[in-house]
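Report on the structure given below.
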Amino acid sequence: MLNRDFTKSNKYYFKKNWIVLTCVAVFLIIGILVLSFAGMKGNFEFTGYNEFSVTVAETDSENFSKYMGEIESVVNLYGGECDNVSIIYNGDDSKLVVRYMNSLSAEQTEEINLAIADKVATTGEISEHVRVDKVVTSSDYLYTAVAIAIIWLVCTIFAYVRYNGASAIANLIANVISLLGFMSIGAILRLEIGLSYFAMLVILTLLTTYFAFSIFENIRANKYLDSNNYDMAITTAMKQNRTRFAVLACAVALIGLLFILFAPNPIRFVSVNIMFMAVVLLAVSYYVVPFVWSALITHMRKKKVVVKSTEK
Amino acid sequence: MTKRRSINLFVVFSILLAILLVACFVNFTYPFPMYGTYYSYSNFVSNIRLGEDIGSSMRVVYRATLPEGEAQSNYNALKTSTINQLKDIIQSEGYKDVTVSSYDDKIVMQIGNILNESDENTIQSLLENPQAIGFYIGEMSDTNTPFATAEDINVVDVVTSYDQSTAENIIVVRVQFNEDKIDEIAEATADGGTLYIYLGDTVYSQIDLGTSAIEEGVIFIQNSAFVDEATAQSYANGLRTGILSLELTTLELNSITPSYGVGSDVMIPIAMAVFALCLFIFMIVKYKQMGALACFNLLFFITIGLFILQSIPLAHYNFAGMIGMLLCLIISADSLMNIFERAKIHYQTGLQLHVAFKLGQKETLFKNLILNILTFAVGFVCVFMPNMAIQSFGWVALVLPIVNLFTSLVLMRLFINMYLPLNNTDGKKLNFHKGGENA
């Protein structure tokens, strides 16, 4: 795959009407964005949660795990929506603070409260219930979009100055595709997301650009562009980077895997996204960046030649 | 460089690394009295401020009620105002990771970044029992009523004022009353005396007015305890808890474990350590002795990085920050791999190791520089974002690429120069082979 001629398959790409192509792309992007946000499954930070504290008689480790187990089993009895229970321990006041999703009906919430009260009735006391609204606000979406937009702008200008226009646009397209791909996978598989998802989008932007710039740096160093040998330029750069990209993507996936293995439930669910980030990165760096770059550079250089010949 | 000098330098750097690792990960009590400390050393890792999702935090639940005379229709507006006031007070104390939400008549605050008992005490003293403020001339009594209360205050802030007696700028707390109260306050304090500021029934502060009245509706409070802006801000924040829009009754105030669940603060570092171990094993398997040297270098990167991250007072690190730390570790290892891979290609063409590494470092210099600058630039954008997760990642992405540039471009160059006198010919010890597809 990586040794094939990237330029051949692209020669018809830009013969189509570019206005139609741009419109289709914009509609697709908006559509995927809307569907992705609609399909996302947020954790308690997105949905809000019910919270109460249980004062227990003793908080030695044995009692503590006993309470945690009992309360968690009661909450989990009420189905998948309650799988995001988070039990917080306050050692000083012999208190357990219990949080669970509040996407339940008032009756179900009441049932859970009674069941838990029943469980801890002999040795514990339950505080007044508090229902907490979602932590995520619209400004979180806005500032994430602003951060990503600024990074795109800076990187595009930088890529244009250091490499060429094709690299700048290829990086931008790769970024859009990786972001849409990442969000779509999350939405389709209903992967759980938390507040850290916003940072993950920024991290993905950074890594996609990191991978793309690695390719462009190698293209620049190999100097094949001087002789207009685009195929050799991209093929050699990919050859030099493919193992490295695979290692880096595996390392990203390993981070996700380790958090899934070690961390408590809310982090575990959110971490699945990191593993898919590795898949998206690999796909974008192996396929999208080289194809788009070679398509653009072929188109741009050809156009330049035609203009020059007309002038003559 | 001679072999002997090379070995000596390795010994020196190993001792330095051992000291850094102890400073980074070990807590201990000094064997001798150390003035200005608590006689114990707190390591870099435990000084890192964690966000409320993966670190300890304080949780306060209030019942918010309308002050007497306020219309019920104003309740929601006043609740929003109170939430903003509370958030502002806590954030101006330096605790940026604050989550406030409300339901019915309750307000729930969760404050992250709680590092030690001192932080707990600060939060507790501010939030435990907010009471309405009252200004009196003389002590409070049944006959002595306040000349100004919370609703009469327009703003409480910290300003710098020029002191004519000492001809220096001093830090003062300014209490500005509403314009319509200016005359009334001037009249009430016409004879001067001692100004008592009460929070509920407790005296918060006493100020000697001498014989002068409070004119133009402003008091500038100067105190010898205001050694810097932070102490003055703490004092001002105490006053600001007395001017909240709603009356708050504390239902609960406790310190709690991470909101991502019990064990987050322990299991995440374990996962990070396992990742670092996997990375070290990979480097050693792939590059043998040079891999071991890379691990030596990465340990410097980790310790220096942690030192700088913990010394930024405003920064705190939540789950996104932790992912950022691991990513920067990958980027650091990648910088070294870039050098090694180029050196490997040159070695395959028949060059000696020292020439191969020299060329490898030279050819990858710009690539490593640009990739780290890219990470730094992303970090720079992110630290200005109010979204806490992005900001946390931003601090990491801002600091660690600079450390990486130092370790991978400067330190690693030195380490390679130290290594080459010990082995300049045997590429097999580095998993380098003559010939091959790139030769």
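Lettering of chains follows the sequences in order, A, B, ..., and the numbering in each one begins at 1. Just so it is clear, the values below take in all heavy atoms, side chains as well, and ignore hydrogens, waters and symmetry mates.
The six-membered or imidazole ring of Tyr197(A) lies near that of Phe182(A), with a centre-to-centre distance under 6.0 Å. With ring centers used as reference points, Phe432(B) lies 6.0 Å or more from Phe340(B). Remark: aromatic rings of Phe259(A) and Phe319(B) are close, center separation under 6.0 Å.
For Tyr141(A), the OH atom sits in a packed shell: over 12 heavy atoms of surrounding residues, nucleotides or ligands are nearer than 6.0 Å. More than 12 heavy atoms of other residues, nucleotides or ligands shown are found within 6.0 angstrom of OH on Tyr75(B). Dense packing is recorded around CZ of Phe280(B), with more than 12 heavy atoms of other residues, nucleotides or ligands lying under 6.0 Å away.
Although no hydrogens or angles enter the test, the distance criterion places no donor-acceptor pair under 3.5 Å between the side chain of Tyr163(A) and the main chain of Ile219(A). Remark: the backbone N or O of Leu127(B) is paired with a side-chain donor or acceptor of Tyr62(B) at under 3.5 angstrom.
Residue contact with chain A, scored on non-hydrogen atoms closer than 4.5 Å, involves the backbone and the side chain of Phe275(B) alike. In this structure, the portion of Val61(B) lying under 4.5 Å from any heavy atom of chain A is its side chain and not its backbone. Proximity to chain A (any heavy atom under 4.5 Å) is restricted, for Thr99(B), to the side chain, taken from C-beta onward. Heavy-atom distances place no part of Arg220(A) under 4.5 Å from chain B, backbone and side chain included. For Ala221(A), no part lies under 4.5 angstrom from a heavy atom of chain B. In this structure, chain B has no heavy atom under 4.5 Å from any part of Phe216(A). Contacts of Phe282(B) with chain A are made by side-chain atoms alone, with heavy-atom separations under 4.5 Å and no backbone atom involved. At a 4.5 Å heavy-atom cutoff, Leu329(B) makes no contact with chain A through either its backbone or its side chain. Within the 4.5 angstrom heavy-atom criterion, no atom of Thr137(A) approaches chain B. If you measure heavy-atom distances from Leu207(A) to chain B, the contacts under 4.5 Å come from the side chain alone. Only the side chain of Ile274(A) comes within less than 4.5 Å of a heavy atom in chain B; its backbone stays farther off. With a 4.5 Å cut-off on non-hydrogen atoms, Val247(A) touches chain B through its side chain but not through its backbone. With a 4.5 Å cut-off on non-hydrogen atoms, Ile150(A) touches chain B through its side chain but not through its backbone. With a 4.5 angstrom heavy-atom cutoff, Thr144(A) touches chain B via backbone and side-chain atoms both.
Salt bridge annotation for Glu341(B)-Lys286(B): present, with a cationic side-chain nitrogen under 4.0 angstrom from a carboxylate oxygen. Glu192(A) and Arg268(A) are not joined by a salt bridge, as no carboxylate oxygen comes within less than 4.0 angstrom of a charged side-chain nitrogen.
Annotation: maximal heavy-atom pairing with chain B below 4.5 Å, among Val154(A), Thr209(A), Thr205(A), Leu142(A), occurs at Thr209(A). When each of Ala320(B), Pro386(B), Ala377(B) is checked for heavy-atom pairs under 4.5 Å with chain A, Pro386(B) comes out on top. Ranked by heavy-atom pairs shorter than 4.5 Å toward chain A, the options Cys278(B), Ser102(B), Cys382(B) are led by Ser102(B). Your options are Val202(A), Leu254(A), Ile203(A), and the one with the most heavy-atom pairs under 4.5 Å with chain B is Ile203(A). Top candidate by heavy-atom pairs under 4.5 Å with chain B, chosen from Ala199(A), Ser139(A), Ser271(A), Gly194(A), is Ala199(A). By number of non-hydrogen pairs under 4.5 angstrom with chain A, the leading residue of Asp334(B), Leu326(B), Val381(B) is Asp334(B). Of the listed residues (Thr243(A), Leu248(A), Leu258(A), Asn218(A)), the greatest number of heavy-atom pairs within a distance under 4.5 Å of chain B belongs to Leu258(A). In terms of non-hydrogen atom pairs under 4.5 Å with chain B, the most contact-rich of Gln240(A), Arg244(A), Met200(A), Arg162(A) is Arg244(A).
Residues Ile331(B) and Asn372(B) meet the side-chain proximity criterion, which asks for heavy atoms closer than 4.5 Å. You'll find the side chain of Val108(B) stays beyond 4.5 Å of the side chain of Val60(B), heavy atoms only. No side-chain heavy atom of Val274(B) sits less than 4.5 Å from a side-chain heavy atom of Leu261(A).
Counted by atom type alone, Asn404(B) and Ser335(B) present one or more donor-acceptor pairs between their side chains at under 3.5 Å.
Proximity to chain A at a heavy-atom threshold of 4.5 Å picks out Ile54(B) from residues 51-58 of chain B, in numerical order.
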Side chain to side chain donor-acceptor pair (under 3.5 Å) between Asn171(A) and Asn175(A): does it pass, once the steps are laid out? CA-CA 6 Å; Asn171(A) 176 48; Asn175(A) 264 292; 3.1 Å; yes
Output, in order, the C-alpha distance, side-chain angles, deciding distance and verdict of side-chain contact (heavy atoms from CB on, under 4.5 Å) for Asp119(B) and Tyr95(B). CA-CA 9 Å; Asp119(B) 287 331; Tyr95(B) 301 94; 2.7 Å; yes
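By the 30° and 60° cut-offs, the orientation of the rings of Phe198(A) relative to Phe46(A) is parallel.
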